[in-house]
Amino acid sequence: MHYTPTFVDVQSVKRLAKQHKQSHPELPHGKRLDLATAELLGLRNYHELNRRFQAVIDQYLDSPSGSNAVAHCLYCDFRFAADLKEDQREHREIHERVMEVHEITGYRPGTYVEREILKQDGHTKAHSVGPLEDRIEGALMVLRGWFDRSYRNAIDEGQWRKHPSFEAYVAMMVPYIEGLLPELAPSLAQRYGRTPGVIAHGQTCWPLQ
Ligand SMILES: [Zn+2]
């Protein structure tokens with residue numbers, strides 16, 4: 001198993017290379033990146049780090065063959081023309097944004113397909129005739145699907161640090177749940193609280209600041 005770099009690794013190398021401007025003013029930027037890569041990670045050069053990091057990102061690509069094929073990243077959900085340099089660059093930017101949050105918080109919001117499954121299964125469960133606890137679990141799955149969409153929006157806009165936690169989000173959604181699942185809302189309010197007035201009625205996304 002060879003070494004797989006993380007987003008933080010790449011950032012650390014870039015930071016150290018910047019510091020090397022003082023200690024090695026004679027070196028061009030590319031050489032300072034090489035030096036920082038070797039010092040921090042023991043890799044041959046920055047190109048090698050970049051190649052390995054790109055492989056980490058590309059492992060999630062679902063790329064059908066053929067001309068005009070659209071690649072789909074199952075990690076960050078971006079769809080793009082895999083043969084276009086500009087699209088590749090845009091994918092990497094978006095992918096890195098999600099990856100950074102994932103590395104820092106340990107959480108990656110679900111993709112569209114993952115969210116839809118959560119919402120559908122959750123909806124069925126919440127409306128079932130099963131025990132209350134199962135129905136609440138279903139409601140929480142629906143809420144998780146909505147939360148992930150909301151959180152992802154905040155990541156895309158660089159505001160994820162301000163986004164409410166799942167628990168705080170559920171409390172904000174309780175007023176809406178009262179109309180949607182009136183039998184379950186009191187239990188959710190009891191466990192998560194009730195915070196009206198932050199998310200407009202009928203909306204499921206936390207308003208960006
Ligand atoms: Zn991606």
Side-chain angles (χ1 to χ4, degrees), residues 1-18 29-30 33-34 36-37 40-122 141-166 169 204-209:
M1 182 66 192
H2 68 138
Y3 161 77
T4 47
T6 64
F7 177 80
V8 169
D9 286 340
V10 177
Q11 294 311 108
S12 304
V13 163
K14 286 181 180 167
R15 204 173 307 120
L16 182 61
K18 239 176 217 166
H29 185 60
L33 280 171
D34 289 345
T37 305
L40 276 183
L41 307 173
L43 293 176
R44 203 165 47 229
N45 51 36
Y46 185 72
H47 176 76
E48 174 69 13
L49 170 62
N50 199 46
R51 194 184 60 76
R52 292 194 186 202
F53 188 59
Q54 190 64 51
V56 170
I57 291 175
D58 289 347
Q59 69 181 312
Y60 300 101
L61 284 186
D62 180 19
S63 320
S65 52
S67 55
N68 301 323
V70 174
H72 178 213
C73 180
L74 302 176
Y75 180 91
C76 74
D77 224 6
F78 190 64
R79 286 172 201 273
F80 62 107
D83 52 344
L84 287 186
K85 272 264 175 300
E86 203 176 303
D87 277 29
Q88 290 169 11
R89 206 171 311 128
E90 196 183 350
H91 169 233
R92 180 148 164 174
E93 256 177 56
I94 289 165
H95 193 103
E96 284 186 357
R97 240 176 270 159
V98 177
M99 211 177 166
E100 179 184 19
V101 175
H102 193 181
E103 283 181 19
I104 292 172
T105 65
Y107 189 73
R108 175 185 66 83
T111 59
Y112 175 78
V113 169
E114 290 166 339
R115 295 193 306 259
E116 287 305 304
I117 291 171
L118 268 177
K119 286 192 284 183
Q120 277 168 23
D121 293 354
M141 285 162 71
V142 173
L143 283 155
R144 175 66 70 178
W146 289 338
F147 171 85
D148 279 4
R149 167 76 196 280
S150 175
Y151 191 52
R152 176 56 195 270
N153 280 355
I155 292 174
D156 288 345
E157 297 303 321
Q159 295 188 18
W160 62 273
R161 286 181 195 273
K162 290 189 229 157
H163 193 279
S165 66
F166 179 68
Y169 174 85
T204 54
C205 282
W206 171 75
L208 297 164
Q209 307 294 292

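Residue numbers start at 1 and run along the sequence shown. We count ligands from 1, going down the list as the structure has it; atoms in each ligand are counted the same way.
Salt bridge K119/E116: present, at least one basic N to carboxylate O contact under 4.0 Å. The residues R89 and E93 are annotated as not salt-bridged, no charged nitrogen and carboxylate oxygen being separated by less than 4.0 angstrom. Between D156 and R152 there is a salt bridge, with a side-chain nitrogen of the basic residue lying less than 4.0 Å from a carboxylate oxygen of the acidic one.
Counting only protein N, O or S atoms, 4 lie closer than 2.8 Å to the Zn ion (ligand 1).
Aromatic ring centroids of F78 and H95 lie 6.0 Å or more apart.
Classified by interplanar angle (parallel below 30°, tilted 30° to 60°, perpendicular above 60°), the ring pair Y151/H163 is perpendicular.
Of the residues listed (H47, E48, Q54), the one engaging R51 in a side-chain hydrogen bond (donor to acceptor under 3.5 Å, both in side chains) is E48, and it is the only one.
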